[in-house]
Structures are given as C-alpha cells and as structure tokens.
Amino acid sequence: MATDTHRPFILVSNDDGYHSPGIRLLSETLSSMADLLVCAPESARSGYSCAFSADAPLRLKRRHNLGDIEVWSCNGTPVDCVKLALDQLCQGRMPDLIVSGVNHGDNSTVNTHYSGTMGVAREGAMKNIPSVAFSSCYYDEQAPLAPLVPYILRFASAVLSQGLPKGVCLNINFPAAQEFRGVRVCRMTFGRWVNEVVKARHPRGYDYYWMVGNYANDEPEANDTDQWALSHGYVAVTPTTVDVTAYNFIKGARELLGAVDEQTVEEDKS
C-alpha cells in the first residue's frame with residue numbers, strides 16, 4: 001500500500017459490504033484529506049454488532065481499487081475486518097482514524113447495540129483509535145447521499161485534529177432528507193423493538209421465523225435524544241462509550257446484593 005506519511009491515515013469499513021454505495025461515497029469523500037485503506041465484509045453483515053469469528057477461518061481478498069484506494073474484503077464480520085486490517089494490511093502504520101459506513105439504515109437509539117456499523121467504531125475505540133460511524137436513515141442503497149459530504153468532511157477533520165477521549169467513539173446519524181436543519185449532539189433514546197417475530201409455515205411442513213419488528217420510543221416527548229433530532233431534521237451525533245458500567249448504580253448494586261459492608265472492608269484494607 002503506497003502511502004504519504006505526511007498525510008493522515010484512515011481505515012474504512014462497514015457492515016453493508018465492500019461494494020456498497022455508502023462505503024464508496026465515504027471513501028471518495030475522505031480521500032481528499034488522507035491516505036485510505038478499505039477493508040469491509042464481502043457481503044452484508046447487518047446486525048453483527050461486535051461479533052468476531054472465533055470458530056471459523058477467515059480470508060482476505062484483494063478487490064479493485066477505488067481510484068488510488070486499496071480495497072480488501074473479508075468473509076467475516078465487520079469487527080473481523082478491523083482486526084485483520086490492523087494486523088495484516090496496515091503495514092505497521094497505525095490509523096489516525098477509523099470510519100464506518102455510510103450505513104444504509106438508522107443506527108440511532110437501541111439500534112446501536114445491534115449495529116455492525118457501530119461494531120467497527122467500538123472496535124476502533126477499544127484499540128484506542130479515534131473512530132466514527134456514519135449512518136443514513138435512508139434504507140434504500142440507491143438513495144442520494146451527496147448532502148452528507150460536507151458533514152463527513154467536517155466531522156472527520158475535527159476528529160483528526162482534536163481526537164476523542166479514550167474509550168469514546170461517535171455515532172452519527174443523518175435524517176432521510178436532502179437538507180438538514182443543523183447538528184445536534186444528543187443522547188441515545190430509550191426505546192425497544194416490539195412484535196419482532198413473524199412465524200410462517202414452510203411448504204415442506206415445518207415452521208420458520210423472520211425477525212422483523214416495530215420500534216417503540218419510550219420517551220417521545222424528550223427533546224435531547226437522537227430520535228428527536230432525526231425526526232426534526234437534524235444530524236444526530238451521539239458520543240458513545242466502550243465502558244458500559246452503570247456508575248450511578250454502583251452504590252445501589254452494593255445495597256441490592258448486600259455487599260456494602262464486605263466491599264467497604266476490602267477497600268479499607270487496600
């Protein structure tokens with residue numbers, strides 16, 4: 001991989017596959033500011049979250065370049081792509097930034113926990129590499145994404161120049177629109193998926209199931225959330241942490257489990 005060490009180096013991945021329009025737009029947009037390497041799944045891997053392949057061999061395959069950008073595919077998960085790229089393809093040069101997307105579909109609210117797009121960003125954050133995930137609420141892969149370009153450049157430039165705190169990545173979602181009212185930095189909406197399973201009968205005599213569902217917003221009146229921002233035409237930026245500790249419940253957990261005195265004694269000993 002030919003690189004200019006005076007330019008930033010960005011690793012690009014996604015969960016829609018190396019051939020998706022979203023990753024092509026993202027790569028072409030960022031190529032103006034950095035050296036890029038693309039390593040993405042060989043086909044769609046939506047819903048894989050932070051999964052990696054522990055019981056199957058992985059393969060890397062060189063694909064056609066996007067201009068001067070080297071493109072590789074992997075038969076594993078989005079996280080596999082990051083791990084393999086860092087170990088096998090980066091030639092000892094640590095990326096200054098990892099970007100994921102542009103995903104074709106909404107990764108706000110609880111979707112962040114299922115998202116392979118966010119799996120890429122979380123893996124980067126766990127490796128102490130600033131990481132950003134971009135998603136569009138357009139589910140159609142052919143939807144026009146050109147309005148995202150100035151925002152992608154703006155956000156990537158800011159993270160490259162200023163970095164992110166340890167263990168933090170950015171989950172950035174764009175409304176399904178051609179114009180945006182602005183940018184809102186917001187928290188994740190509390191919500192859940194309901195009516196998730198559709199049962200059907202196969203002609204050969206057995207039952208099978210489709211995972212589908214409808215999203216239920218548990219706090220529709222809250223105006224500081226990613227869902228509120230998207231539904232009102234704003235780009236939603238949600239800082240996301242790798243550390244999932246519920247710090248505000250540590251004391252409550254001690255009391256719940258009867259560990260207050262026990263833990264206090266241990267802390268006093270130390």
Side-chain angles (χ1 to χ4, degrees), residues 14-15 22 46-50 78-79 97-139 147-148 150-152 154-177 179-194 196 213-253:
N14 71 354
D15 73 355
S46 295
Y48 273 67
S49 187
C50 290
V79 165
L97 175 65
I98 292 177
V99 293
S100 182
V102 173
N103 187 68
H104 302 286
D106 179 354
N107 276 322
S108 66
T109 184
V110 293
N111 294 345
T112 184
H113 295 295
Y114 303 113
S115 166
T117 306
M118 279 300 295
V120 169
R122 284 193 170 95
E123 181 67 16
M126 286 189 278
K127 295 281 193 292
N128 297 324
I129 302 171
S131 301
V132 181
F134 294 102
S135 301
S136 167
C137 290
Y138 281 121
Y139 283 84
L148 280 60
Y151 293 89
I152 291 171
R154 170 183 163 188
F155 297 145
S157 178
V159 174
L160 278 171
S161 63
Q162 300 179 50
L164 290 170
K166 183 177 181 178
V168 173
C169 57
L170 297 182
N171 181 16
I172 301 177
N173 285 272
F174 295 86
E179 294 183 358
F180 310 123
R181 295 179 63 184
V183 176
R184 300 268 297 205
V185 177
C186 44
R187 64 176 177 87
M188 187 191 84
T189 308
F190 281 98
R192 61 214 146 79
W193 285 90
V194 297
E196 295 182 273
N214 306 105
Y215 176 73
N217 187 339
D218 291 340
E219 44 181 350
E221 302 305 319
N223 62 9
D224 61 342
T225 67
D226 50 11
Q227 281 284 290
W228 186 95
L230 291 168
S231 65
H232 287 78
Y234 291 93
V235 180
V237 179
T238 306
T240 303
T241 60
V242 170
D243 182 354
V244 296
T245 306
Y247 288 100
N248 61 353
F249 189 62
I250 287 179
K251 181 179 179 181

What is the minimum heavy-atom distance between Val242 and Ala125, and which atoms define it?
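It is CG2-CB, 3.5 Å.
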For Ala216 versus Val194, what's the shortest heavy-atom pair and its separation?
CB-CG1, 4.3 Å
Between [X] (side chain only) and [Y] (backbone N and O only), is there a donor and an acceptor less than 3.5 Å apart?
X      : Y      : answer
Thr117 : Ser115 : no
Arg122 : Thr240 : no
Asn171 : Asn107 : yes
Asp226 : Thr189 : yes
Ser135 : Ala133 : no

Counterpart residues, side-chain hydrogen bond (donor to acceptor under 3.5 Å, both in side chains), relative to Arg192 (two or more places apart):
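Partners of Arg192 under the side-chain hydrogen bond (donor to acceptor under 3.5 Å, both in side chains) test: Asp218.
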State whether the number of non-hydrogen atoms from other residues, nucleotides or ligands found under 6.0 Å of Tyr139 atom OH is greater than 12.
yes
For the NZ atom on Lys127, are there more than 12 heavy atoms of other groups (residues, nucleotides or ligands in this structure) within a distance under 6.0 Å?
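Atom NZ in Lys127 is crowded, with more than 12 foreign heavy atoms closer than 6.0 Å.
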Applying side chain to side chain contact (heavy atoms under 4.5 Å, CB included) to Phe174 and Tyr138, what does each step give before you reach the verdict?
CA-CA 9 Å; Phe174 295 86; Tyr138 281 121; over 6 Å; no
Taking atom CG of Asn111 and atom CH2 of Trp193, what is their separation to the nearest 0.5 Å?
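Result: 5.5 Å between the selected atoms.
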Could you tell me the separation between the CG atom of Asn103 and the OG atom of Ser136, rounded to the nearest 0.5 Å?
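One gets 8.5 Å once the value is rounded to the nearest 0.5 Å.
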Do Thr241 and Asp243 pair up side chain to side chain, a donor and an acceptor below 3.5 Å, judged on atom types alone?
no
